[in-house]
Asker: 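Okay, here's the structure, questions in a sec.
As the structure lists them, so they are numbered: ligands from 1, and atoms in each ligand from 1. It should be emphasised that the depicted structure is a prediction, and the values quoted were computed from it without experimental measurement. Nothing fancy with the numbering, it's 1 onward along the sequence.
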Amino acid sequence: MGECVTNHMNEYGNGVSIDTGMVLCVGKRKSKRGRAMKIIDMRSDTITLPTEKMRQAMYEAKLGDDVYGEDPTVNELEQLAASMLEKEAALFTSSGTMSNLLAVLTHTHPGDEIILGSEAHIFWYEVGGAAALGGVIMRTVANDEYGQIGFDAVKEAIRIKNIHSPRTSLLCLENTHNRCGGTVLTPDYTTTIARLAHEHDLRVHLDGARIFNAAVALDVPASELVKPVDSVCVCLSKGLSAPVGSLLCGTGEFVEKARKWRKMVGGGMRQAGVIAAAGIVALQEMVGRLAEDHANAKRLVYGLSHIPGITVWPDRTQTNIVMFESPADVPIGEFIQQLDMRGIKVGYRGGLRFRAVTNRMLTEADIDEALERISQLVRGLG
Ligand SMILES: Cc1ncc(COP(=O)(O)O)c(C=O)c1O
């Protein structure tokens with residue numbers, strides 16, 4: 001039996017509490033018949049634990065003081081990321097949130113306006129850091145359900161030079177798109193929208209926390225997906241399973257400026273090679289395996305589509321994220337409580353909507369088991 005925690009609202013709770021007041025057991029809990037039941041945790045791919053090889057690499061990592069630029073393992077990771085993404089340089093940061101924040105700080109000045117999708121992670125889940133610490137206005141334009149923002153909407157949102165207006169200096173994109181259910185942006189789309197931004201003297205930053213999922217889904221190198229943008233953030237601690245870390249990539253000049261911002265916000269880490277070592281394994285060995293998560297997401301969405309009353313969008317299940325809605329005739333509080341009791345952990349997104357993320361800790365059999373439990377749940381409540 002694992003450690004017990006109360007089931008507080010998940011990290012993406014949007015103000016509608018899903019706290020059922022129950023106590024959940026992480027790892028295993030007891031079924032009604034008293035048998036141990038595996039918790040099937042589909043809240044996020046961030047729950048993945050490091051592999052044995054990562055732990056070994058962490059143990060053996062050659063270390064130095066990275067604030068002096070002397071940690072060989074961090075340097076190796078930064079060079080590896082830059083070369084995989086075909087950017088001049090990369091900066092190791094503690095999180096995707098920090099990489100995105102540093103990108104905004106580096107590309108803009110206080111008082112500027114930045115354009116981003118209405119469903120952007122930077123806008124929803126990064127504590128408003130761009131506004132609070134960067135002093136920029138976040139101007140959102142509507143995302144479609146595939147994570148794209150329209151050319152005309154972006155064009156309209158770009159300020160003309162005028163004494164009354166802030167300067168529009170940055171466009172932020174997201175690939176894959178979290179709130180749009182892991183949908184991918186194609187190289188064509190990114191090229192065209194980045195060209196528009198550049199023609200108007202904007203820089204383009206890509207929140208590519210899951211860019212390797214997009215690359216695997218589209219079967220193109222990640223470098224092709226990020227070629228049109230000036231900077232990109234990639235995460236190591238999601239489907240790639242490293243315990244910590246993200247890389248912010250761009251030109252050498254951009255990365256040097258971002259390095260200084262990183263120091264200012266307290267992100268200068270000393271013997272960071274301990275965690276960078278796992279990141280090297282993540283980039284070298286874990287990208288290909290994302291296809292397994294994608295296959296499991298397809299299996300999940302297919303299964304859910306056969307449970308009466310559940311709504312899914314199979315064409316939008318392009319990577320490892322599955323959005324679904326519970327049956328309209330089932331009280332939402334009861335549905336949430338039943339998921340909980342049946343050992344199914346998913347993110348609640350408000351209304352009838354849930355997010356399930358397939359990840360390395362789950363097998364095909366776990367997906368089938370989750371489907372069976374949800375099917376029983378719906379039959380019992382319907
Ligand atoms: C699209 C996207 N960007 C950024 C982040 C932030 O990453 P972190 O949790 O490492 O701060 C996430 C986290 O899930 C994400 O999904």
Side-chain angles (χ1 to χ4, degrees), residues 10-14 41-50 77 81 90-105 114 116-130 132-133 138 140 143 146-149 172-185 190 205-215 217 222 225-226 229 231-249 262 265-267 269 272 275-276 278-279 282-283 290 293 297 316 318-323 346-349 355-360:
N10 65 73
E11 62 174 315
Y12 295 118
N14 63 353
D41 193 344
M42 299 184 285
R43 285 170 304 166
S44 179
D45 45 9
T46 56
I47 63 127
T48 47
L49 301 178
L77 173 63
L91 180 71
F92 185 42
T93 73
S94 60
S95 66
T97 301
M98 180 177 279
S99 284
N100 285 332
L101 174 64
L102 300 183
V104 171
L105 290 168
I114 69 173
L116 66 179
S118 52
E119 301 302 318
H121 194 277
I122 294 176
F123 180 66
W124 277 82
Y125 302 125
E126 298 185 12
V127 208
L133 305 178
M138 288 194 261
T140 57
N143 270 119
Y146 294 90
Q148 295 193 359
I149 44 185
C172 296
L173 304 171
E174 189 173 315
N175 195 11
T176 67
H177 202 290
N178 184 336
R179 279 182 61 85
C180 293
T183 46
V184 301
L185 301 179
T190 310
H205 171 68
L206 177 66
D207 176 352
R210 295 185 182 81
I211 195 67
F212 291 108
N213 292 85
L225 296 172
V226 308
V229 302
S231 60
V232 56
C233 136
V234 302
C235 284
L236 302 169
S237 64
K238 301 194 162 62
L240 300 184
S241 305
V244 189
S246 163
L247 289 135
L248 177 62
C249 312
R262 186 187 69 174
V265 298
M269 298 180 281
I275 47 178
L283 289 182
L290 295 173
D293 297 345
R316 289 189 226 155
Q318 299 174 351
T319 55
N320 66 334
I321 300 180
V322 176
M323 297 298 207
V346 290
Y348 178 53
R349 287 302 180 85
R355 184 189 82 157
V357 186
T358 52
N359 62 72
R360 204 187 100 249

Asker: Looking at residues at least two apart in the chain, or sitting in another chain, which of them share a side-chain contact (heavy atoms from CB on, under 4.5 Å) with D41?
Answerer: R43, I47, K345
Asker: With heavy atoms only and a cut-off of under 4.0 Å, state how A209 meets ligand 1: side chain, backbone, both or neither.
Answerer: side chain
Asker: Under 3.5 Å between any N/O of M98 and any N/O of ligand 1: does that happen in this structure?
Answerer: no
Asker: Does ligand 1 have a heavy atom under 4.0 Å from the side chain of K238, from its backbone, from both, or from neither?
Answerer: side chain
Asker: Using heavy-atom distances, let me know which of H121, H177, E174, R179 sits nearest atom 15 (C) of ligand 1.
Answerer: H121
Asker: I'd like to check which ligand 1 atoms, numbered from 1 as shown, lie under 4.0 Å from a non-hydrogen atom of T97.
Answerer: 6 (C), 7 (O), 8 (P), 11 (O)
Asker: Ignoring hydrogens and angles, state whether a donor on the side chain of R179 or N143 is under 3.5 Å from an acceptor on the partner side chain.
Answerer: no
Asker: Listed by chain and number, what are the side-chain contact (heavy atoms from CB on, under 4.5 Å) partners of A209, not counting sequence neighbours?
Answerer: D207, C235, K238
Asker: Number the atoms of ligand 1 from 1 as they appear, then name those within less than 4.0 Å of a heavy atom of R210, with their elements.
Answerer: 14 (O), 15 (C), 16 (O)
Asker: In this structure, which one of T358, D293, V357 forms a side chain to side chain contact (heavy atoms under 4.5 Å, CB included) with D45?
Answerer: V357
Asker: Does one side chain, of T93 or S99, offer a donor that lies under 3.5 Å from an acceptor on the other?
Answerer: yes
Asker: Given that the side chain starts at C-beta and the backbone is N, CA, C, O, which of these parts of N100 lies under 4.0 Å from ligand 1, counting heavy atoms, or is it both or neither?
Answerer: side chain
Asker: Can you see whether N320 engages N359 through a side-chain donor-acceptor pair at a distance of less than 3.5 angstrom?
Answerer: no
Asker: For T46, is at least one N or O under 3.5 Å away from an N or O on ligand 1?
Answerer: no
